[in-house]
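See below for the structure under consideration.
When a ligand or atom number is given, it counts from 1 through the structure's own listing order.
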Amino acid sequence: MSRHQQRRDKLRKLLRREDINAILVTNETNVTYLTGFTGDSSYLLLTADDEVLLSDPRYTTQLAEECPDLELAIRTPTINVTELTVKVLKKAKLSRVAIEASTMSVAQKDQIGRAHPKLQITNTIGLVEQLRAIKDRDEVQRIREAGRIAEKAFAVLRATLRPEQTEKQVADQLEYQMRLFGATDRAFASIVAVGPWAALPHATPGNRLIGQSPFVLVDWGARGDQYVSDLTRVLVTGKIPAKFDKIFAVVLKAHDAAIEAIRPGVACQDVDAAARKVISKAGYGRRFGHALGHGIGLEVHEAPRLGGKQKQPLKAGMVVTVEPGIYLPGWGGIRIEDDVLVTRDGHEVLTSLPNDLDSAFVA
Ligand code: ZN
Ligand code: ZN
């Protein structure tokens, strides 16, 4: 049985528990996860004992290569994907179908409802995402590889960093290097932020020069073979600013405390709390304004979320980022981010780039 077929059967099991007899999967990443098909504009209709991939003629060759075992419904150029969906739903003679409420538009849902008034449409949220949260060995390997690519590219950045470079030049260079090392893409728009701008957790790289501030924050990741990595490091490029080593030490301690707390059965909020406690105790509680981390996989933000009020327990096979930070407006910010696998008896840090203070200094 193929890996994708196994996943579809797992989804069936989950649907039975939720009393759902059919689901229309419209989230493209979920379709890829369940079928292996990497094109867009394609849906999967999955019932208790049937499945059909709705796609279009552009993809005939790719479909034959990526999911030869799947039944296909290919639309003709005269109908759109929603009209094809209605046709397939009618043919399947379903009285009820679940949809993915986070992806399907209201307009599309209305259109299906009008064309097929007898069909009962129910909303679901996050079912396939729940399966995606637990990675198998092959997925973990791909995330690990995406980490290696990001780290090799960062080593080049570190060795070639010059005061006259702009943040944007450094970000572009870093992303190009990741591609040279085997990435198919960047995992997300890289953040390269000097000094005070590092206080903005999502700063956009601009024309500010590396040399105009004593340190720079880099948050980047690679998409390797479909799966992504996500790291953050801060590099000191000039005279070390006041408070830098103290704040760095607090962030690193929070990072390590969180990783120490990671094991199956621990609530996500408790991992977040382990880091937050360290930062609060040092007096910077209000300066850590985001969740500790998030799952990574086919997407850079996926389940689970390591934040307050997240009671769900970690499970073996989850891969999460741990990224505490302290941000002082006008001064800057320090964040340290690594990718961590939940193992059966604890955790394994998948990224391997040094994160100590000494390694932050660019000679
Ligand atoms: Zn990041
Ligand atoms: Zn992240």
Check your understanding: Within His294, is some N, O or S atom less than 2.8 Å away from the Zn ion (ligand 2)?
Key -> yes
Check your understanding: Does the side chain of Asp230 reach to within under 4.5 Å of the side chain of Phe188, using non-hydrogen atoms?
Key -> yes
**Study point:** Atom of Asp230 nearest the Zn ion (ligand 2) (restricted to N/O/S, atom name only)
**Key:** OD2
Point to revise | Separation between CD of Glu66 and OG1 of Thr35, rounded to the nearest 0.5 Å | key: 8.0 Å
Practice item. Could you confirm whether Glu323 has any N/O/S atom lying under 2.8 Å from the Zn ion (ligand 1)? Key: no
Practice item. Check step by step if salt bridge (Lys or Arg N to Asp or Glu O under 4.0 Å) holds for Glu151 and Arg144. Key: CA-CA 11 Å; Glu151 292 171 353; Arg144 203 190 300 267; over 6 Å; no
Exercise for review: Looking at Asp219, pick out the N, O or S atom nearest to the Zn ion (ligand 1) and give its name.
Suggested key: OD1
**Study point:** Asp49 bridged to Arg12 by N-O distance under 4.0 Å
**Key:** no
Check your understanding: Any idea how Trp220 and Phe154 line up, ring-wise: parallel (<30°), tilted (30 to 60°), or perpendicular (>60°)?
Key -> parallel
Check your understanding: Can you tell me the N, O or S atom of Glu337 that's nearest the Zn ion (ligand 1)?
Key -> OE1
